[in-house]
Amino acid sequence: MERTTDAVLDAFVENADPYSGASPEALREEFSEMEMIPETGEGLASALESAEPVLRNSVGVSNPRCLAHLHCPPMVSGLAAEAMLSATNQSMDSWDQSPAATLLEIRMVEELCDLFGYDDSGDGVFTSGGTQSNFMGLLLARERFATERFGTDVTQSGLPHRAKAMRILCSEEAHFTAEQAAAHLGLGENAVVTVESNDDREMCLDALDRTLAELDERELLPFALVGTAGTTDFGSIDPLDELAERAEEHNLWFHVDAAYGGALALSDRHRELLSGIERADSLAVDFHKLFYQPISCGAFLLRDGSQYEHIARNASYLNPKGASAPNLVAKSVQTTRRFNALKPFVSFRALGRDGFGALVDATIALADDVAELLAANSSFELVAEPTINAVVFRYRPHRMSDERLSWLNEAIRESLLREGDAVVARTEVDGVTALKFTLLNPRTTLADVADILDAIQRRGGSLSTVFPEVSR
């Protein structure tokens with residue numbers, strides 16, 4: 001463990017750059033010469049040394065200039081818990097493989113339900129992250145609807161014929177996992193109906209009402225409504241209270257994807273942005289984003305824990321019927337599962353709600369300051385005001401075609417990564433490439449961001465000189 005710690009510190013703490021700049025081709029060539037499964041072992045010390053190029057060419061997620069994705073710098077408390085849970089290797093699929101771990105996860109879920117406004121009937125389970133949690137929400141929604149509408153137990157009998165008419169509604173800004181889940185559930189991606197967003201990138205309620213009316217006219221069967229609390233690109237939060245009302249009116253399962261924005265529940269200043277989340281039938285929350293825990297770590301919460309009956313399974317060697325010991329395998333789509341609840345447990349104990357809230361507030365304040373910095377510089381275009389801590393913008397020093405604007409911003413981003421100066425994200429807004437700062441790191445300062453903007457301007461100016469047609 002000491003050697004491992006030293007290797008990580010050597011690779012990241014002493015390196016001021018967030019990335020080495022190595023290209024995919026260069027890394028492919030380097031690793032192609034490494035023997036993955038040697039005939040004879042070389043011993044642990046040598047084996048650890050052989051991992052040095054992996055560390056050296058990894059993204060420095062704790063670097064203040066690593067600002068691309070929802071990819072957080074992990075807390076030391078989370079790293080310590082990661083070592084504990086990996087060393088003890090508890091398996092969460094039966095009591096006799098994880099006695100204390102099972103009870104601790106149950107207690108953590110109880111407090112998470114309280115944090116998000118669920119009463120004593122709430123329940124949940126830890127997951128690998130938002131993808132799994134969103135899948136579970138729509139899985140339970142499908143099971144409940146098929147049972148109530150068609151009298152069909154999909155687990156036993158498969159999808160009813162009329163399942164072709166079933167529909168899931170979400171914002172056009174929602175995460176792709178809604179479509180992915182629909183495909184995995186046998187409904188097909190076309191079962192997802194996207195609803196227009198408003199100027200703030202939130203689901204438009206008028207558009208939702210029109211969409212529901214159109215589905216009714218076409219005799220299609222909406223069964224689930226997905227609200228987003230923190231879209232990937234903009235951090236936008238759908239009007240959760242109003243969506244809950246529509247869900248109740250139309251008997252829809254209301255699932256909230258709070259993988260990004262769930263941490264706002266810890267902030268006294270910004271908690272009201274999640275108003276209505278307590279009315280969700282289910283919700284997804286990730287701890288490997290704004291809760292600063294090592295990947296992977298998420299949770300799926302249910303307002304009515306009895307709904308788990310739709311996916312409960314019993315196996316004689318794990319959780320035989322009638323067994324008195326608590327068992328979590330019946331709540332999960334995984335069998336073998338890591339004791340990830342230990343990471344937020346240790347971190348919450350170390351920092352408390354106040355400590356976490358202060359970190360979240362600081363990053364949101366930074367995003368507001370960065371937005372002001374961009375708005376004050378005529379070379380940049382602020383695409384949208386930030387809701388949480390994602391800032392979307394473009395370098396646009398002159399009038400130019402959308403095609404050239406996309407090329408220029410992509411070229412700048414690639415240059416920053418290739419030189420190892422900064423890790424910045426790209427996305428598309430209205431078909432045109434934009435850049436994005438995802439300001440998760442509490443150690444990132446306004447000066448750090450200003451330096452990156454200066455670098456963007458320098459590279460943009462250089463690229464415009466080399467390719468003068470860009471700025472025509």
Side-chain angles (χ1 to χ4, degrees), residues 69-72 105 108-109 111-118 122-144 168-171 173-182 184-185 192 203 224-233 235-238 240 243-244 247 252-266 273-293 295-305 307-308 310-311 328 331-334 337-338 340-341 343-344 360 388 390 440:
H69 300 284
L70 289 165
H71 190 182
C72 73
E105 178 170 322
M108 179 59 73
V109 164
E111 297 216 11
L112 289 172
C113 286
D114 180 69
L115 178 66
F116 289 100
Y118 286 173
D123 201 352
V125 70
F126 271 68
T127 67
S128 62
T131 298
Q132 184 180 335
S133 296
N134 290 339
F135 170 77
M136 289 186 66
L138 293 174
L139 169 64
L140 290 174
R142 185 198 70 177
E143 298 300 296
R144 187 187 73 169
I168 299 165
L169 292 96
C170 64
S171 161
E173 303 289 344
H175 197 265
F176 68 81
T177 47
E179 294 175 339
Q180 183 185 62
H184 290 168
L185 292 171
V192 177
M203 186 185 293
L225 174 62
V226 178
T228 305
T231 59
T232 303
D233 278 343
S236 305
I237 299 174
D238 290 336
L240 303 180
L243 296 190
L252 307 176
W253 182 285
F254 182 35
H255 175 75
V256 173
D257 177 2
Y260 178 11
L264 297 177
L266 298 171
L273 293 173
L274 297 180
S275 177
I277 198 170
E278 71 282 355
R279 301 173 66 182
D281 291 291
S282 58
L283 66 92
V285 58
D286 275 6
F287 298 100
H288 53 234
K289 293 183 173 67
L290 266 177
F291 289 87
Y292 303 108
Q293 301 307 298
I295 295 169
S296 62
C297 191
F300 171 72
L301 303 181
L302 266 176
R303 182 158 54 93
D304 177 6
Q307 295 293 332
Y308 274 124
H310 292 297
I311 62 170
L328 302 180
K331 299 179 184 178
S332 180
V333 293
Q334 294 176 268
R337 187 166 57 84
R338 303 178 80 238
N340 283 322
K343 292 182 283 191
V360 173
I388 306 179
L440 295 188

Once you round to the nearest 0.5 Å, how far does [atom1] of [X] lie from [atom2] of [Y]?
X    : Y    : atom1 : atom2 : answer
D286 : S128 : CG    : OG    : 8.5 Å
K289 : C297 : NZ    : SG    : 11.0 Å
L243 : D238 : CG    : CG    : 5.5 Å
L240 : F254 : CG    : CZ    : 5.0 Å
S133 : D257 : OG    : CG    : 8.5 Å
S236 : E173 : OG    : CD    : 6.5 Å

Please report the shortest heavy-atom distance between [X] and [Y], naming the atom on each side.
X    : Y    : value
Q307 : L302 : CB-CD1, 4.1 Å
V333 : L139 : CG1-CD2, 4.0 Å
A284 : N134 : CB-OD1, 3.4 Å
R303 : E278 : CD-O, 3.4 Å
A390 : G235 : CB-N, 4.5 Å
V192 : C170 : CG1-SG, 3.7 Å

State, yes or no, whether a side-chain contact exists between [X] and [Y] at a heavy-atom distance under 4.5 Å.
X    : Y    : result
R144 : W253 : yes
V125 : L301 : no
T231 : Y260 : no
N340 : S296 : yes
I388 : L273 : no
F116 : V285 : yes
L225 : M203 : yes
H175 : T228 : no

So, [X] and [Y]: side-chain donor and acceptor under 3.5 Å apart, yes or no?
X    : Y    : result
D281 : H255 : no
Q334 : Q132 : yes
T177 : T131 : no

Heavy-atom count around H71 NE2 within 6.0 Å, excluding the residue itself: above 12?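 Incorrect, the count does not exceed 12.
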State whether E105 and R337 are salt-bridged, where the test is any N-O pair (Lys NZ or Arg NE/NH1/NH2 against Asp/Glu carboxylate O) under 4.0 Å. yes
Verdict with supporting geometry, L138 and V226, side-chain contact (heavy atoms from CB on, under 4.5 Å): CA-CA 9 Å; L138 293 174; V226 178; 4.0 Å; yes
Would T127 and F135 count as a side-chain contact (heavy atoms from CB on, under 4.5 Å) if you check the C-alpha gap in whole Å, the side-chain angles of each, and the deciding distance to 0.1 Å? CA-CA 11 Å; T127 67; F135 170 77; over 6 Å; no
Taking the six-membered ring for Trp, is the centroid-to-centroid distance between F126 and F300 below 6.0 Å?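 Distance test on ring centres: not under 6.0 Å, no.
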Evaluate L266 against L115 for side-chain contact (heavy atoms from CB on, under 4.5 Å), listing each step before the verdict. CA-CA 8 Å; L266 298 171; L115 178 66; 3.9 Å; yes
Polar side-chain atom of Y292 near backbone of L440 as donor-acceptor pair, under 3.5 Å: yes
